[in-house]
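Lettering follows sequence order; numbering is per chain, from 1.
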There are 2 protein chains.
Amino acid sequence: MVQVHVAQSFGLGCIVRTMYGSVRRTDDTVGRMARRQEVPRETRQTLTRADVTTAAIALVERDGLDALSMRRLASELRCAPMSLYTHVHSRDDLVDAIVGRLIERLDVAPNEGEPWQDAIRRMLGSYRDLAVQVPRAFELLALAPYDSSPVAPHLGVALAGLEASGLEPEQARQILGIVDAYATGFLVVWARSRTDGRAAAPSDAPASGIADLRDLETFDRGLEALIAGLDATLVGTR
Amino acid sequence: MVQVHVAQSFGLGCIVRTMYGSVRRTDDTVGRMARRQEVPRETRQTLTRADVTTAAIALVERDGLDALSMRRLASELRCAPMSLYTHVHSRDDLVDAIVGRLIERLDVAPNEGEPWQDAIRRMLGSYRDLAVQVPRAFELLALAPYDSSPVAPHLGVALAGLEASGLEPEQARQILGIVDAYATGFLVVWARSRTDGRAAAPSDAPASGIADLRDLETFDRGLEALIAGLDATLVGTR
DNA sequence: ACCTGAACACCGTTCAAGT
DNA sequence: ACCTGAACACCGTTCAAGT
């Protein structure tokens with residue numbers, strides 16, 4: 001007899017649910033499922049800031065931005081709401097942690113000898129990819145203030161990259177601001193419309209996939225128009 | 001002796017504060033102020049949806065978007081929270097009412113024989129003006145979904161105007177989407193940064209006014225670049 | 001038709017207390 | 001250091017009741 005001992009006393013840390021890596025199920029007899037024990041194993045280990053951040057992003061992607069509350073996140077992590085405050089100063093700090101996690105995925109590092117147009121395409125390409133991958137959490141990054149702690153350094157790197165491509169500092173600032181405004185406005189509205197059913201649909205790939213593709217094509221077209229226009233009116237005329 | 005009778009019984013409607021139309025005060029002696037009775041007159045009259053909407057916008061501009069709650073708005077109007085539900089179905093409906101009020105101020109009516117570039121400049125100029133005038137409530141309009149009840153008809157009018165300027169329907173749709181994305185992204189971030197002190201400062205005109213002007217110049221420059229680029233890559237090549 | 005208080009199921013966060 | 005329950009001051013909204 002297998003005895004699963006679930007300790008419930010204090011100070012032992014939250015229960016972190018360890019998922020099996022998507023076990024395929026080719027038959028669905030009820031008896032077999034029970035025999036296989038396809039129940040998520042629950043291992044007890046101490047919670048970290050990374051755990052909290054990961055769970056928060058998963059919660060947002062599953063249930064939407066409105067579902068991101070300290071209490072709900074705690075119940076997701078099977079711990080008391082106040083336990084979160086050991087790893088996160090406040091709800092705002094939690095959002096900063098999420099933004100920090102997402103911003104890492106952006107490609108802003110400068111490339112040797114790259115024209116500024118290509119640098120912009122590369123940066124905004126990764127921005128667009130992020131909107132595709134995490135459409136609901138994306139908004140937290142997209143609308144985060146420029147001077148928030150996770151955003152500011154990445155902005156500095158991006159600016160330095162543009163200057164390395166030969167733009168004047170003031171040109172780089174304006175161009176990045178303009179291009180970022182375009183991408184932010186486009187992608188936030190796009191991501192919202194894509195996830196407007198309040199909960200995430202399990203599989204909406206084929207039909208709406210075409211509409212998505214189409215809108216992202218418009219995104220790319222607008223970006224090319226913007227780059228061409230900036231080159232003609234801001235850079236070329238110097 | 002002037003007797004001010006403030007009825008407090010039921011069913012007589014909320015107290016609506018009627019402001020004097022910005023009475024100039026060239027002297028500020030305390031005694032005089034009292035003698036003049038420059039206290040807002042409080043007249044009892046029945047509340048309307050328009051009253052609720054007006055008060056909501058004023059509340060948002062004074063205390064920020066986070067302050068927009070049914071309970072707080074009710075206390076602002078000196079009535080019970082539940083009284084608001086006579087005029088507004090829900091908080092979301094209240095936001096729709098605000099968006100509807102703001103969107104009226106946009107200039108989207110088509111002009112006879114106007115090139116599409118000028119139509120875009122006119123529409124986005126009024127959009128930018130709105131961000132200047134109501135920077136905190138602006139976000140509600142800017143990020144409202146395209147298919148929300150107050151937004152959809154105005155979008156239709158704007159599209160018709162662009163088509164009247166000679167654009168193909170598909171061109172008009174793409175161009176409006178791209179240009180709106182740019183303006184939305186730019187102005188939302190701009191408006192947020194302008195009002196980041198959580199409460200509105202009483203008079204921050206001179207110093208930050210220069211920075212504002214500068215950023216709005218960048219907005220206009222970006223718009224011109226975008227129009228030029230769209231003309232070259234989307235319209236001109238046909 | 002319009003307004004109201006009590007109640008319900010939520011929030012973020014402080015505090016004192018546990019291990 | 002990490003976790004916890006109780007408590008406080010908030011939310012939006014339903015419901016039954018008042019005029």
Side-chain angles (χ1 to χ4, degrees), chain A residues 5-17 42-56 59-60 62-98 140 198-199, chain B residues 5-17 42-56 59-60 62-98 140 198-199:
Chain A
H5 185 73
V6 180
Q8 291 197 330
S9 49
F10 310 139
L12 290 179
C14 289
I15 295 174
V16 176
R17 186 170 290 206
E42 286 175 353
T43 39
R44 197 164 275 281
Q45 62 188 70
T46 131
L47 204 60
T48 67
R49 181 177 238 254
D51 292 332
V52 174
T53 309
T54 303
L59 176 60
V60 168
R62 172 156 51 81
D63 294 344
L65 265 181
D66 290 346
L68 181 62
S69 74
M70 301 299 279
R71 294 173 119 107
R72 210 152 147 188
L73 180 55
S75 97
E76 208 73 26
L77 286 164
R78 291 143 146 298
C79 66
M82 286 315 300
S83 305
L84 300 179
Y85 287 83
T86 309
H87 309 96
V88 134
H89 302 317
S90 65
R91 193 185 182 282
D92 281 354
D93 187 40
L94 172 63
V95 170
D96 273 357
I98 295 174
L140 296 176
R198 293 257 56 90
Chain B
H5 185 73
V6 180
Q8 290 196 333
S9 49
F10 310 138
L12 292 179
C14 289
I15 296 175
V16 175
R17 188 170 289 206
E42 285 175 354
T43 39
R44 197 165 275 279
Q45 63 188 71
T46 131
L47 204 59
T48 68
R49 182 177 237 254
D51 292 332
V52 173
T53 308
T54 303
L59 176 60
V60 168
R62 170 153 53 80
D63 294 344
L65 265 181
D66 291 346
L68 182 62
S69 75
M70 300 299 279
R71 293 173 120 107
R72 215 157 142 186
L73 181 55
S75 97
E76 208 71 27
L77 285 164
R78 291 142 148 295
C79 67
M82 286 315 300
S83 305
L84 300 179
Y85 286 83
T86 309
H87 308 97
V88 134
H89 301 318
S90 65
R91 192 186 183 280
D92 280 354
D93 186 41
L94 172 62
V95 170
D96 273 357
I98 296 174
L140 297 176
R198 293 257 57 89

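- Nucleotide D:dC3 holds its P atom 9 Å from the CG atom of A:L84, rounded to whole Å.
- Between A:R49 atom CZ and D:dC2 atom C1' there is a gap of 16 Å when expressed in whole angstrom units.
- Between B:H87 and C:dA1 there is no side-chain polar atom (N or O) within less than 4.0 angstrom of OP1 or OP2.
- Not counting sequence neighbours, the partners of B:S90 by the side-chain contact (heavy atoms from CB on, under 4.5 Å) test are B:D92, B:D93.
- Note that CZ of A:R71 is 11.0 Å distant from CG of A:L84, once rounded to the nearest 0.5 Å.
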>> Taking Watson-Crick (N1-N3 plus N6-O4 or O6-N4) and G-U wobble (N1-O2, O6-N3), each under 3.5 Å, can you produce the dot-bracket string of DNA chain D? Use [ ] for crossing pairs and | for inter-strand ones.
In response: ||.|||||...|||||.||
> What string of B, S and - do you get for nucleotides 7-16 of chain D 5' to 3' if you count protein non-hydrogen atoms under 4.0 Å?
Replying inline: B---BBBBB-
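- Listed by chain and residue number, A:R101 satisfy the side-chain contact (heavy atoms from CB on, under 4.5 Å) test with A:T54 (two or more places apart in sequence, or in another chain).
- Summarising the geometry, atom CG belonging to A:L68 is positioned 4.5 Å from atom CZ belonging to A:R91; distances are rounded to the nearest 0.5 Å.
- A:S83 has a side-chain polar atom (N or O) that falls below the 4.0 Å cut-off from OP1 or OP2 of D:dT4.
- Residues satisfying the side-chain contact (heavy atoms from CB on, under 4.5 Å) criterion with B:S75, sequence neighbours excluded, are absent altogether.
- A sub-4.0 Å separation between OP1 or OP2 of D:dC2 and a side-chain N or O of A:T46 is absent.
- The closest side-chain heavy-atom distance from A:L47 to A:L77 is below 4.5 Å.
- For B:T48, the side-chain hydrogen bond (donor to acceptor under 3.5 Å, both in side chains) partners at least two apart in sequence or on another chain are B:D51.
- Under the rule for a salt bridge (Lys or Arg N to Asp or Glu O under 4.0 Å), the partners of A:R72 that lie at least two apart in sequence or sit in another chain are A:D63.
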